[in-house]
Amino acid sequence: MARRRLFTPGPTEVPWQVREKMSRPLIHHRTDEYRKIQGETIEGLQWLMRTKNPVLLLTCSGTGAMEASLVNLTRPGDQVLVTVVGKFSNRWKEIAEAYGLDVVAVEARWGDPVSPRDVAAALDANPDVKIVFTTHAETSTGVLQDVKTMTQLAHKHGALIVVDAITSLCAEEVETDAWGLDVVIGGAQKGVMIPPGLAFLTVSDAAREGMERAGHPVYYFDLVRALKSYEQGDTPWTPGIASVVGLHESLAMLKAEGLENVKARHAANARATRAAVQALGLELLASAPANCTTPVVFGEGRADTVRKHLNDVYGLRVAGGQAQLKGKIVRIGHLGHYFEADMLMLMSAFESTLKDLGMVDSVGRGVEAMFGEYHQK
Ligand SMILES: *Cc1c(COP(=O)(O)O)cnc(C)c1O
């Protein structure tokens, strides 16, 4: 069987250094040894997320942190604004509706970001909006949204902003303090390269005040309680010890590479992938492409044939379309531990797949374009 590798925008590949640390004998969480690791991990997240705000660690996938932020910041009936441009941003709408909120949705075609002008107009038309919940990189369409401008609009309106940065962290500029982001959410199995099961979020002073004033009935995800534990260097419940140990290592790797280099590598991988896809005569979905994934448009049914062949014959797994894009796109992931050689390897297998399926006449055009993009002077 071929060596199996993930080229999906979550879960992403876990580097061997991280796996090695996570496989060591478990330590207890109420010890100085663990507290030191957790403290350094939180400092590492503050470095990554460009903030001095507290960063809370939650034992759940990214969606848990989305729900936690919403439940703690709102009361039933509150009016909130969400931007819907794909499956993940639509999740904000679904969570808000599940909690009985009055939801104002600003939408765009799947493949585009929302226009800040539409957000401004929606805020003007809805003076009661208390919080804006948005998605920085929409992973289902590979689109990047203008969070910086949306934050200015939200704050001018007197609203807080909560940002799902789950697939933008490591891959894009995320300036939590400089942009004034109130809550920024990250997840394990994306840019920080650990297995799923951990999420984290930043809490600004204004968000903390909001949580102390508002809130639905909540227990496990009581973030006011979590903030109190945080001040003691603790978590209210048993933390995901192995995940935190893994994150400690992956953050050390990212620090050694340097944040600017990490972001530049993601941007280069994304640019090179787009160049290769276009050289193959295929269509890109995203009008404002993010660096986490490159969705490629295929005719109905063909996307999944390509994915299956790439996986079954070459051992490489890429993602497919979700919801209304199911069966119509292939999403090549390049978020996480992927370097030039990884992308060249993926592209040569991708082209080989297209050749095997009779969709191109020769192999090499994509790799050549990709190489050219990496080595542009
Ligand atoms: C992966 C992802 C999430 C969280 O999904 P989980 O399956 O709960 O980890 C949320 N938002 C975006 C944009 C994502 O890519």
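The model shown is predicted, which means the values in this text are computed figures rather than measured ones. We're numbering straight along the sequence, starting at 1. Both counts, for ligands and for their atoms, begin at 1 and track the order of listing.
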(request) Side-chain contact test, heavy atoms from C-beta onward, threshold under 4.5 Å: evaluate it for M343 versus F7 and give yes or no. (result)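 Answer yes - side chains close enough.
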(request) With sequence neighbours excluded, give me every ring-ring contact (aromatic ring centres under 6.0 Å, His included) pair touching residues 267-299. (result) none
(message) Per the ring-ring contact (aromatic ring centres under 6.0 Å, His included) rule, what does the pair list look like for residues 47-99, sequence neighbours excluded?
(response)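 Only W92-F133, Y99-H216 qualify under ring-ring contact (aromatic ring centres under 6.0 Å, His included).
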(request) Kindly confirm or rule out a cation-pi arrangement of R265 over F339, judged by NZ or CZ under 6.0 Å from the six-membered ring centre and within 45° of its axis? (result) yes
(request) Indicate, with yes or no, if the rings of W237 and Y219 have centres closer together than 6.0 Å. (result) yes
(message) Tell me every residue that passes ring-ring contact (aromatic ring centres under 6.0 Å, His included) with H28, counting only those two or more places apart in sequence or in another chain.
(response)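 Scan of H28 (ring-ring contact (aromatic ring centres under 6.0 Å, His included), adjacent residues dropped) gives none.
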Go ahead and list the nitrogen or oxygen contacts between ligand 1 and the protein that come in under 3.5 Å, distances to 0.1 Å, or just say none.
| residue | atom | partner | partner atom | Å |
| --- | --- | --- | --- | --- |
| ligand 1 | 8 (O) | S61 | OG | 2.5 |
| ligand 1 | 8 (O) | G62 | N | 3.4 |
| ligand 1 | 8 (O) | T63 | N | 2.9 |
| ligand 1 | 8 (O) | T63 | OG1 | 2.5 |
| ligand 1 | 9 (O) | G62 | N | 3.1 |
| ligand 1 | 9 (O) | Q189 | NE2 | 2.9 |
| ligand 1 | 11 (N) | D164 | OD2 | 2.5 |
| ligand 1 | 15 (O) | T139 | OG1 | 2.5 |
| ligand 1 | 15 (O) | K190 | NZ | 2.8 |

